[in-house]
Amino acid sequence: MLHTLHRVSACVIGAFVAVHLLNHLLALESVDAHIAFMEAFRNLYRIPLVEILLLACVAFQIASGIYFIKARWGQRRGFFERLQALSGGYLAYFLLAHVGAVLFARTVFNLDTNFNFAAAGIHVSPFQFYFVPYYFLAVVAIFGHVACAIHWLTRNHFSLAARNRIGYAALSIGAVLSALIVAALAGGFYEITIPAEYTATFGA
Ligand code: HEM
């Protein structure tokens, strides 16, 4: 039952994250393209009922994920079984920190949590040493976690070698997309100026 709920909740979060990451990829083109898309997408996920459902799924996913890690502690064998716990554990940490930061910035600092909010930490030294791996690993962990789910769900349909190849391919795609998203946040494609109200939250 808990596994089924974890999967259903993963589908709700997954649908949001797929569009969310596409939104971040648009920053390869320009900050304006990123912000315009986010403002349109917010018309859907900021509908109170939708946002409450999404945030409830995030809370449930963190709690059930930590439970699964503890329940099978020391019993996992092979790369993909271990990666499932590792990526899930990182996602639990990331979601708590990330969604907590977004809600805190919105309600306490009254900030528009757009591209500038996401990129600010990378543009105030020494916070880039935290935020670059923090964002990079989040996107890799999402792809890694999905890769593990595919690896498990296809166990009766494909050979182990084929399932491993699919898993490594998903992980590699995640790493490339993640590097592109983080490079865009860091200003790797064009010059970025972060407004002072965002960098001020890091003491700059
Ligand atoms: C480089 C990677 C990422 C960046 C830069 C980023 C940035 C952001 C930003 C700026 C917001 C605020 C959106 C708004 O104000 O409307 C946000 C919200 C959110 N992000 Fe991310 N995100 C990233 C990856 C992820 C991943 C991998 C997940 C899931 C595992 C995730 C889950 C969420 C959730 C659940 C929200 C809250 C939506 C809401 O109710 O406002 N993000 N993210």
Side-chain angles (χ1 to χ4, degrees), residues 6 9-28 31 33-62 64-65 84 86-123 127-128 130-149 170-171 173-189 192 194-195 197-198 201:
H6 190 80
S9 165
C11 289
V12 174
I13 300 172
F16 167 81
V17 170
V19 185
H20 192 50
L21 294 184
L22 172 71
N23 192 162
H24 292 309
L25 281 169
L26 287 178
L28 295 177
V31 173
H34 181 286
I35 290 179
F37 186 93
M38 184 171 270
E39 281 173 359
F41 186 33
R42 277 176 180 168
N43 288 325
L44 175 64
Y45 68 82
R46 289 238 181 141
I47 295 171
L49 258 182
V50 176
E51 191 163 27
I52 288 168
L53 173 73
L54 177 65
L55 296 180
C57 286
V58 165
F60 172 76
Q61 210 66 8
I62 294 170
S64 55
Q84 191 176 34
L86 197 67
S87 56
Y90 183 75
L91 284 173
Y93 161 72
F94 175 78
L95 279 169
L96 205 60
H98 183 57
V99 176
V102 168
L103 296 180
F104 189 80
R106 254 162 74 181
T107 51
V108 178
F109 292 133
N110 220 4
L111 282 176
D112 180 354
T113 47
N114 58 18
F115 177 90
N116 294 316
F117 165 78
I122 297 180
H123 292 266
F127 295 99
Q128 72 273 27
Y130 173 76
F131 282 103
V132 167
Y134 168 78
Y135 282 131
F136 178 77
L137 289 176
V139 180
V140 172
I142 270 284
F143 277 79
H145 212 62
V146 172
C148 296
L171 256 184
I173 293 169
V176 171
L177 294 182
S178 192
L180 290 172
I181 289 172
V182 175
L185 287 170
F189 298 107
I192 287 173
I194 305 291
E197 67 260 36
Y198 293 95
T201 59

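Ligands are counted one by one from 1 in listed order, and the atoms in each one are counted from 1 as well.
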S.K.: What are the atoms of ligand 1, with element, lying closer than 4.0 Å to any heavy atom of Leu185?
M.R.: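 Ligand 1 atoms under the 4.0 Å threshold to Leu185: 5 (C).
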S.K.: Would you call Phe136 a ligand 1 contact, heavy-atom distance under 4.0 Å?
M.R.: no
S.K.: So if I count the atoms of ligand 1 from 1 in the order they appear, which ones are less than 4.0 Å from some heavy atom of Ile142?
M.R.: 27 (C), 30 (C)
S.K.: If you measure from CD on Gln84 to NE2 on His145, what distance do you get to the nearest 0.5 Å?
M.R.: 5.5 Å
S.K.: Do you see an N/O/S atom of His98, backbone or side chain, under 2.8 Å from atom 21 (Fe) of ligand 1?
M.R.: yes
S.K.: Give the residue, atom name and distance (to 0.1 Å) of the protein heavy atom nearest atom 16 (O) of ligand 1.
M.R.: Tyr45 OH, 2.4 Å
S.K.: For the pair His6 and Phe60, name the ring-plane relationship: parallel under 30°, tilted 30 to 60°, perpendicular over 60°.
M.R.: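 Judged by the thresholds at 30° and 60°, the geometry between His6 and Phe60 is tilted.
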S.K.: Can you name the nearest heavy-atom pair linking Ala184 to Ile192, along with the distance?
M.R.: O-CD1, 3.3 Å
S.K.: For ligand 1, which atoms sit closer than 4.0 Å to a heavy atom of Val99?
M.R.: 34 (C), 35 (C)
S.K.: Treating Tyr93 as the side-chain partner and Gly88 as the backbone partner, does any N or O pair qualify as donor plus acceptor under 3.5 Å?
M.R.: no
S.K.: Roughly how far, to the nearest 0.5 Å, is the OH atom of Tyr45 from the CD1 atom of Ile47?
M.R.: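 Answer for the CD1-OH pair, Ile47 versus Tyr45, is 12.0 Å.
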S.K.: For Arg46, counting its heavy atoms only, list the atoms of ligand 1 lying under 4.0 Å from any of them.
M.R.: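 Atoms satisfying the 4.0 Å criterion: 14 (C), 15 (O), 16 (O).
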S.K.: If we only count N/O pairs under 3.5 Å, is Thr113 in contact with ligand 1?
M.R.: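 It does: an N or O of Thr113 is found under 3.5 Å from an N or O of ligand 1.
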S.K.: I need the atoms of ligand 1 closer than 4.0 Å to a non-hydrogen atom of Val17, numbered in the order shown.
M.R.: 28 (C), 29 (C)
S.K.: Looking at Leu21 and Ile181, what are the two nearest heavy atoms and their distance?
M.R.: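 Distance-wise, the nearest heavy atoms are O-CD1, 4.0 Å.
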S.K.: Using a strict 4.0 Å cut-off to heavy atoms of Arg42, name the atoms of ligand 1 that fall inside it.
M.R.: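 Checking each atom against Arg42, I get 14 (C), 15 (O), 16 (O).
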S.K.: Would you say the ring centroid of Phe131 lies under 6.0 angstrom from that of Tyr134?
M.R.: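 They qualify: ring centres under 6.0 Å apart.
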S.K.: For Phe117 and Phe109, I'd like to know if the aromatic rings sit close, meaning centre-to-centre distance below 6.0 Å.
M.R.: no
S.K.: Tell me the nearest of Phe94, Phe115, Phe117 to atom 25 (C) of ligand 1, using heavy-atom distances.
M.R.: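 Looking at heavy atoms only, the winner is Phe94.
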S.K.: Who's closest to atom 5 (C) of ligand 1 heavy-atom-wise, of Gln61, His24, Arg106, Glu51?
M.R.: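 Result: the heavy atom closest to atom 5 (C) of ligand 1 is in His24.
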S.K.: For Tyr135, take its heavy atoms, then give the atoms of ligand 1 lying under 4.0 Å from any of them.
M.R.: 1 (C), 2 (C), 3 (C), 4 (C), 5 (C)
S.K.: Could you list which atoms of ligand 1 come closer than 4.0 Å to a heavy atom of Val102?
M.R.: 11 (C), 12 (C), 17 (C), 18 (C)
S.K.: Where's the contact between Leu103 and ligand 1, heavy-atom distance under 4.0 Å: side chain, backbone, both or neither?
M.R.: neither
S.K.: What protein heavy atom is closest to atom 34 (C) of ligand 1, reported as residue, atom name and distance in Å?
M.R.: Phe16 CE2, 3.4 Å
S.K.: Below 3.5 angstrom, do we get any N/O pair linking His20 and ligand 1?
M.R.: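 Such a contact does occur with ligand 1.
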S.K.: Is there a heavy atom of Asn114 sitting under 4.0 angstrom from any atom of ligand 1?
M.R.: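 Checking ligand 1 against Asn114, which is what was asked, there is a heavy-atom contact under 4.0 Å.
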S.K.: Hey, does the side chain of Asn23 reach the backbone of Phe37 with a donor-acceptor pair shorter than 3.5 angstrom?
M.R.: no
S.K.: How long is the gap from CG on Leu95 to CD1 on Ile13, to the nearest 0.5 Å?
M.R.: 6.5 Å
S.K.: Within a 6.0 Å radius of atom CZ on Phe189, are there more than 12 heavy atoms belonging to other residues, nucleotides or ligands?
M.R.: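 Result for CZ/Phe189: enclosed.
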